Each structure stands twice: as C-alpha cells, then as structure tokens.
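Here's the structure, in structure tokens; my notes come after.
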Amino acid sequence: MPDVKPRAALTAPKTRALTLCGVLVGALVGTAAFAPLPFTVTVPGTTADVLGTFQDRPVLSITGAPIRATEGQLRMVTITATGAGERISLREALSSWLNPKEAVLPSEAVYPQQNPVKANQATLQQMAESQDSATLAALGYLHLSPEKVKVKVDLGDIGGPSAGQLLALGIIDKLAGDGHGGDLSGGKVVSGTGTIDDQGNVGAVGGVPLKTQAAARDGATVFLLPTAECSDAKVNTPSGLRLVPVKTLSGAVDALKALKTGGAVPSC
C-alpha cells in the first residue's frame with residue numbers, strides 16, 4: 001500500500017500551534033472538572049413543626065402561663081449544604097447549576113467561618129439568638145412579661161437564624177391561638193421562613209426557592225416569607241403552595257387570621 005502523505009493544512013505550523021492549544025485547553029478543562037472549587041451546594045432540607053416535636057422532644061416548652069392544645073402545623077424550614085471547608089468540583093457545580101432542586105453558592109456566603117468547628121458554633125449561636133428574639137417578640141405581641149413566662153426551644157442541632165418567624169408564631173399559637181379560641185394555622189400545614197428581631201420585624205434569610213420545595217414536600221399549602229424575598233420565592237414555586245409575604249410578626253398573625261376568614265391576604 002502506497003504511503004499517504006498528511007495534507008499540508010494539517011502539518012502547517014499555524015495548524016500545529018492551534019492543535020497544541022486545543023490539547024492544552026482540553027487538558028485544563030479536564031483537570032478543572034475535578035479540581036476543588038470554593039462553592040457550596042445547597043438542597044431542600046429538614047422541616048419541623050414548632051407546635052409538635054422534633055427528634056422525639058417538644059420544640060416549644062412554655063412555663064408560667066396556661067398552654068392550649070393546637071391543631072394544624074407551623075413548620076420551620078431549613079436547607080442542607082455541603083460542609084464548611086468542603087470543596088466541590090466543576091463537574092459537580094455544573095450538575096447542581098442545571099438541577100432546579102439544587103443551588104450553588106459561594107462558600108463564604110453560606111459559611112463566613114470556613115473552619116468547620118467555628119462554622120457550626122456560629123450557626124448554633126445564630127439559632128440561640130433567634131430563639132431569644134422570637135420569645136421576646138411573641139411575648140411582646142401578647143403583652144406578657146418575659147420575667148414570668150419562660151420559653152425553651154429545642155431543635156436539636158439545627159442552626160442559623162431563619163426559624164425566628166415560625167418560632168414566634170408557634171409561641172403565640174400555644175399561648176393565645178387566634179385570640180378567638182381557634183388556631184393560627186386554621187388546622188392547615190403552614191410553613192415559612194424569616195429572621196425576627198426583638199420588636200417583631202421579619203427579615204430576609206436566603207435560600208427561599210429551596211425552602212418552598214421542602215415545605216411543599218412536607219405537606220404545606222401556605223408559605224410565609226419576608227416581603228423582600230418575593231421575587232426569589234417565585235422561582236420554581238411548587239404547585240399548590242401559596243406564598244404570603246410579611247414584614248412583621250403582627251402582619252404574619254393578621255395574614256393567618258385572614259386566610260381563615262377569607263379576608264385580604266398579601267401575595268407575591
């Protein structure tokens with residue numbers, strides 16, 4: 001068989017250079033696909049009914065005032081994230097970016113403290129502060145003295161500040177309900193998220209599109225959220241989940257009452 005010479009175009013110096021560059025780029029991309037990146041993958045996490053138990057322990061234990069029996073649920077919501085200090089590959093990041101049930105965020109946005117131990121301590125501290133603020137906001141709304149009424153919150157090792165709004169609503173529901181003998185939830189599964197301060201102001205938390213998925217997965221039909229996060233919440237909102245934006249604890253209570261009576265309810 002006669003020898004076949006390569007075409008000139010394939011052996012020209014310029015073509016060889018381009019081919020070499022292509023090989024290098026391919027090698028770099030291939031390496032980057034497995035190289036660790038400073039990003040964190042987040043997914044819908046645990047929900048917990050603040051009116052009930054979590055890990056076989058009551059979420060809310062209240063002393064110093066009569067407690068009422070409740071029906072329905074008020075579920076706080078979490079997201080689950082890859083650990084502090086953990087890195088993901090480019091391939092994993094791209095896979096998560098294409099998955100509507102996952103989100104990829106800069107690690108520093110999720111864990112300002114990159115050290116795993118310090119990050120865990122920080123989130124638990126945020127939860128402790130959130131519990132204190134929820135208690136003060138709820139008791140303030142009910143005009144009860146925090147010196148007489150004591151509230152203990154137990155959510156296991158769940159950290160972060162985003163359960164504040166639902167904890168405050170749970171305290172109000174257990175102590176006073178809707179003020180007319182009924183439950184704030186109206187017997188439904190209500191979920192939501194939002195920080196809260198001592199005065200009852202509801203603040204943004206992030207991760208709302210994932211939290212709505214967790215809420216719907218666990219049976220919620222109503223989702224309370226900070227007004228500032230309406231646009232985020234409307235991304236991939238699960239079917240049958242009603243978004244109710246609020247700015248304050250009193251606004252959240254009013255919205256839940258209106259849901260029961262057919263009154264005007266804020267919407268995104």
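Numbers here simply count residues along the sequence, with the first being 1. Not measured: the values here are computed from a predicted model.
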Tell me whether Glu129 at atom CD has more than 12 heavy atoms from other residues, nucleotides or ligands lying less than 6.0 Å away. yes

Taking atom types as modelled, find out whether Lys188 and Thr221 have a side-chain donor-acceptor pair closer than 3.5 angstrom. no

Can you tell me if Thr70 uses its side chain to pair, donor with acceptor, with the backbone of Lys174 under 3.5 Å? no

If I compare all heavy atoms of Ala204 with all of Pro226, which pair ends up nearest, and what's the gap? CA-CG, 3.8 Å

Is the backbone N or O of Ala137 less than 3.5 Å from a side-chain atom of Asp198, with the two atoms forming a donor-acceptor pair by type? no

Atom NZ of residue position Lys247 - does it have more than 12 heavy atoms of other residues, nucleotides or ligands inside 6.0 Å? no

Set of side chain to side chain donor-acceptor pair (under 3.5 Å) partners for Thr237, sequence neighbours left out: none

Transitive ILVMFWY side-chain link Leu51 to Leu175, under 4.5 Å: yes

Taking Gln73's backbone N and O only, do any of them form a donor-acceptor pair with Asp49's side chain (distance below 3.5 Å, no angle check)? no

Joint hydrophobic cluster, Leu74 plus Val153, side-chain heavy atoms closer than 4.5 Å: yes

Considering all heavy atoms of both residues, which atom of Tyr141 and which atom of Val253 are nearest to each other, and what is their separation? OH-CG1, 3.3 Å

Donor-acceptor contact present, side-chain Asp132 to main-chain Ala134, <3.5 Å: no

Determine whether Leu155 and Leu167 satisfy the following criterion, side-chain contact (heavy atoms from CB on, under 4.5 Å), listing intermediate values before the conclusion. CA-CA 10 Å; Leu155 280 168; Leu167 289 172; 4.2 Å; yes

Does Thr193 offer a backbone N or O that forms a donor-acceptor pair with the side chain of Gln165 under 3.5 Å? yes

Closest non-hydrogen atom pair between Ser185 and Glu71, with its separation: OG-O, 3.0 Å

Under 4.5 Å between side-chain heavy atoms, counting indirect links through other Ile/Leu/Val/Met/Phe/Trp/Tyr residues: same cluster for Leu139 and Ile67 or not? yes

Trace of the salt bridge (charged side-chain N to carboxylate O under 4.0 Å, His left out) decision for Arg68 with Asp183: CA-CA 10 Å; Arg68 56 186 301 278; Asp183 299 301; 2.9 Å; yes

Applying a strict under-4.5 Å side-chain criterion to I, L, V, M, F, W and Y, I'd like to know whether Leu224 and Val189 cluster together. no

Please say yes or no: joined through hydrophobic side-chain contacts below 4.5 Å, possibly via intermediate residues, are Val59 and Ile196 part of one cluster? yes

Have Gln121 and Gln125 got a donor and an acceptor in their side chains that come within less than 3.5 Å? no

Any chance NZ of Lys152 has more than 12 other-residue heavy atoms, nucleotides or ligands included, within less than 6.0 Å? no

Using only atom types and a distance under 3.5 Å, with no angle test, would you say the side chain of Thr47 pairs donor to acceptor with the backbone of Ala215? no

Does the Ser133 side chain pair with the main chain of Ser130, one donor and one acceptor, at a distance under 3.5 Å? no

